[in-house]
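Presented below is the structure to which this report refers.
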Amino acid sequence: MVEFDTVYDRRNTNCSKWDSIKETYGEDDLLPLWIADMDFKANPPVLKALKDTAEQGILGYSPAPDSLYDAIQHWQKRHHDYSVSKEAILFNSGVVPSLSLAIQAYTKPGDAILIHDPVYPPFAKVVEQNDRKLVRSQLLTEQGHFVMDLTEMEKQIVAENIRLFILCNPHNPGGRVWTKSELEAFGKLCAKYDVLVISDEIHQDLIFAPHVFTTFTNVHPTFKDFSITLTAATKTFNLAGIKNSMIFIENPDLRKKFVAAQERNFQNEINIFGYVGTEAAYQNGDRWLSELLVYLKENIDTVNDFLQAELPKVKMMRPEGTYLIWLDFSAYGLTDAQLQKQLIHTGKVVLNPGISFGPNGTQHMRLNVACPKETLFEGLRRIKASFE
């Protein structure tokens, strides 16, 4: 049995989640439940593989070995029924850098790019910082979870001449695991208007039954012709620091354009620990992941029960995947600045402000539950104290 209850002191370890608190908020006694990494140690076989690599002592340039390709292919087939070819697999340091490369490879300055609202904040930043026009499509809330507004999206695609759509699958921050039928309807809309789809699937393994993840490329045989997939082992196995991600591009023409962008930006090499950590995770991670999902689900249940009993005015969007919970504080009638101030300076707890995910995130917060239960209980107690 994997041990997830152990509390590790991550302060003073050069950790963004814990050590940037004082600089960001001016206080150092805050509890961080924000940045999306876990407060759990990585899977022991992964740590051993990284240690063995360091101990061999020579850390020169290293290409991706065939065994890594095999590990990726077997993982995708076993967990997601996706038969990705070796030639379709590319590597880069992270999903967001890959997103930037994709924008540069497939669009030109001034082109319009569509994203959902709310959605992971770097989507908007990478569009605007590459001098493209950002267009947001507001997600609707039905029966307690987000759904796409395909009617409005079609209007926006036509009116704005959208060239590219960035999909978050599963969705961050709402935790939606888009169904195959939803993705098919969305994909057919993009195909109708020749819109390229970049699908960020980094949370693809963090899915709670009975929900089932479907990679966008797998939905329909033609979808591989106008899409690329971004993913990594780093989110699943808490390895963000090894800086490795994969890009799956089945269409040879799209792949050629992406590789050219990589070469122009000198982003076609990965450090050796990225390769080693990813391979070890995929070769030895099944048990660790299955036990992690049980623990995360228990933490989600804990949040749900606590809010119903202690903070009924706070509405929770129950995630179908990810370890992130979207919380609605609108019943308190606070501005975004007031809500943030109350949580930080009264409750002494740090969540991600919903407004950073787009205008539709106003009066919301994102809570990270990938932590020991002791830490989570303390965080919930602090959230409650914010409103007493």
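Within a 6.0 Å radius of CD in Gln56, other residues, nucleotides and ligands contribute more than 12 heavy atoms. In the displayed structure, Asp9 atom CG is contacted under 6.0 Å by more than 12 heavy atoms of other residues, nucleotides or ligands. With a 6.0 Å radius and a threshold of 12 heavy atoms from other residues, nucleotides or ligands, Glu27 has its CD atom above the threshold. Heavy-atom neighbours of Lys348 NZ from other residues, nucleotides or ligands within 6.0 Å: above the threshold of 12. Within a 6.0 Å radius of CZ in Arg11, no more than 12 heavy atoms belonging to other residues, nucleotides or ligands are found. Other residues, nucleotides and ligands place more than 12 heavy atoms under 6.0 Å from the NZ atom of Lys77. Within 6.0 Å of CD on Glu388 lie more than 12 heavy atoms contributed by other residues, nucleotides or ligands. Under a cut-off of 6.0 angstrom, the local environment of NZ in Lys373 is crowded, with over 12 non-hydrogen atoms contributed by other residues, nucleotides or ligands.
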Test Glu152 against Lys155 for side chain to side chain contact (heavy atoms under 4.5 Å, CB included), laying out the working first.
CA-CA 5 Å; Glu152 182 61 24; Lys155 293 177 182 178; 3.9 Å; yes

Evaluation steps, side chain to side chain contact (heavy atoms under 4.5 Å, CB included), between Leu292 and Met38:
CA-CA 11 Å; Leu292 170 70; Met38 308 185 209; 3.8 Å; yes

Would you check, one step at a time, whether the test side-chain hydrogen bond (donor to acceptor under 3.5 Å, both in side chains) holds for Glu298 with Thr302?
CA-CA 6 Å; Glu298 291 173 354; Thr302 294; over 6 Å; no

What's the verdict on side chain to side chain contact (heavy atoms under 4.5 Å, CB included) for Val96 and Tyr120, showing C-alpha distance, side-chain angles and the deciding distance?
CA-CA 10 Å; Val96 175; Tyr120 182 50; 3.9 Å; yes

side-chain hydrogen bond (donor to acceptor under 3.5 Å, both in side chains) for Asn130 and Gln104? Distances and angles first, verdict last.
CA-CA 7 Å; Asn130 276 286; Gln104 294 170 22; 3.1 Å; yes

Show your working on side chain to side chain contact (heavy atoms under 4.5 Å, CB included) between Leu59 and Phe273 and close with a plain yes or no.
CA-CA 9 Å; Leu59 304 175; Phe273 294 103; 4.0 Å; yes

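The minimum heavy-atom distance between Gly277 and Ile242, with the atom names listed, is CA-CD1, 4.0 Å. Pairing each heavy atom of Ile113 with each of Val127, the nearest pair is CG2-CG2, 3.8 Å. Between Gln267 and Pro97, the shortest heavy-atom distance links the atoms OE1-CB, 3.8 Å.
Here the straight-line distance linking atom CD of Glu201 with atom OG1 of Thr217 works out to 6.5 Å at 0.5 Å rounding. Here the straight-line distance linking atom CZ of Arg163 with atom OG1 of Thr107 works out to 10.0 Å at 0.5 Å rounding. Expressed to the nearest 0.5 Å, how far CD1 of Ile198 lies from OH of Tyr106 amounts to 6.0 Å. To the nearest 0.5 angstrom, Cys168 atom SG is 11.5 Å from Phe146 atom CZ. Distance CD/Glu320 to OG1/Thr179: 9.0 Å, rounded to 0.5 Å. One distance of note links CD of Gln283 with CD1 of Ile72; it measures 10.5 Å at 0.5 Å rounding.
Inter-residue side-chain proximity for Thr375 and Leu31 is flagged as met; some heavy-atom pair is nearer than 4.5 Å.
With Tyr332 as the aromatic partner, Lys313 meets the cation-pi criteria of under 6.0 angstrom to the ring centre and within 45 degrees of the ring axis. Judged by a 6.0 Å distance limit and a 45° cone about the ring axis, Lys86 is positioned over the six-membered ring of Tyr69.
For Tyr282 and His74, the ring centers are positioned 6.0 Å apart or more. Aromatic ring centroids of His116 and Phe165 lie under 6.0 Å apart. Between Phe357 and Phe123, a ring centre-to-centre spacing not shorter than 6.0 Å is recorded. Under the 6.0 Å cut-off for aromatic ring centres, Phe4 and Trp288 qualify, their centroids lying closer than that.
Within the 3.5 Å criterion, the main-chain N or O of Leu139 finds no donor-acceptor partner in the side chain of Asp149. Distance alone, capped at 3.5 Å, places no donor-acceptor pair between the Arg176 side chain and the His171 backbone.
The pair Asp37-Arg10 counts as a salt bridge, with a side-chain nitrogen and a carboxylate oxygen less than 4.0 angstrom apart.
Both Leu101 and Leu134 belong to a common hydrophobic cluster when Ile, Leu, Val, Met, Phe, Trp and Tyr are linked at side-chain heavy-atom distances under 4.5 angstrom.
Judged by distance alone, the side chains of Arg366 and Asn172 do bring a donor and an acceptor atom under 3.5 Å apart. Using modelled atom types and a 3.5 Å distance limit, the side chains of Glu279 and Ser67 yield a donor-acceptor pair.
Of the residues listed (Val314, Leu343, Ile325), the one engaging Met365 in a side chain to side chain contact (heavy atoms under 4.5 Å, CB included) is Leu343, and it is the only one.
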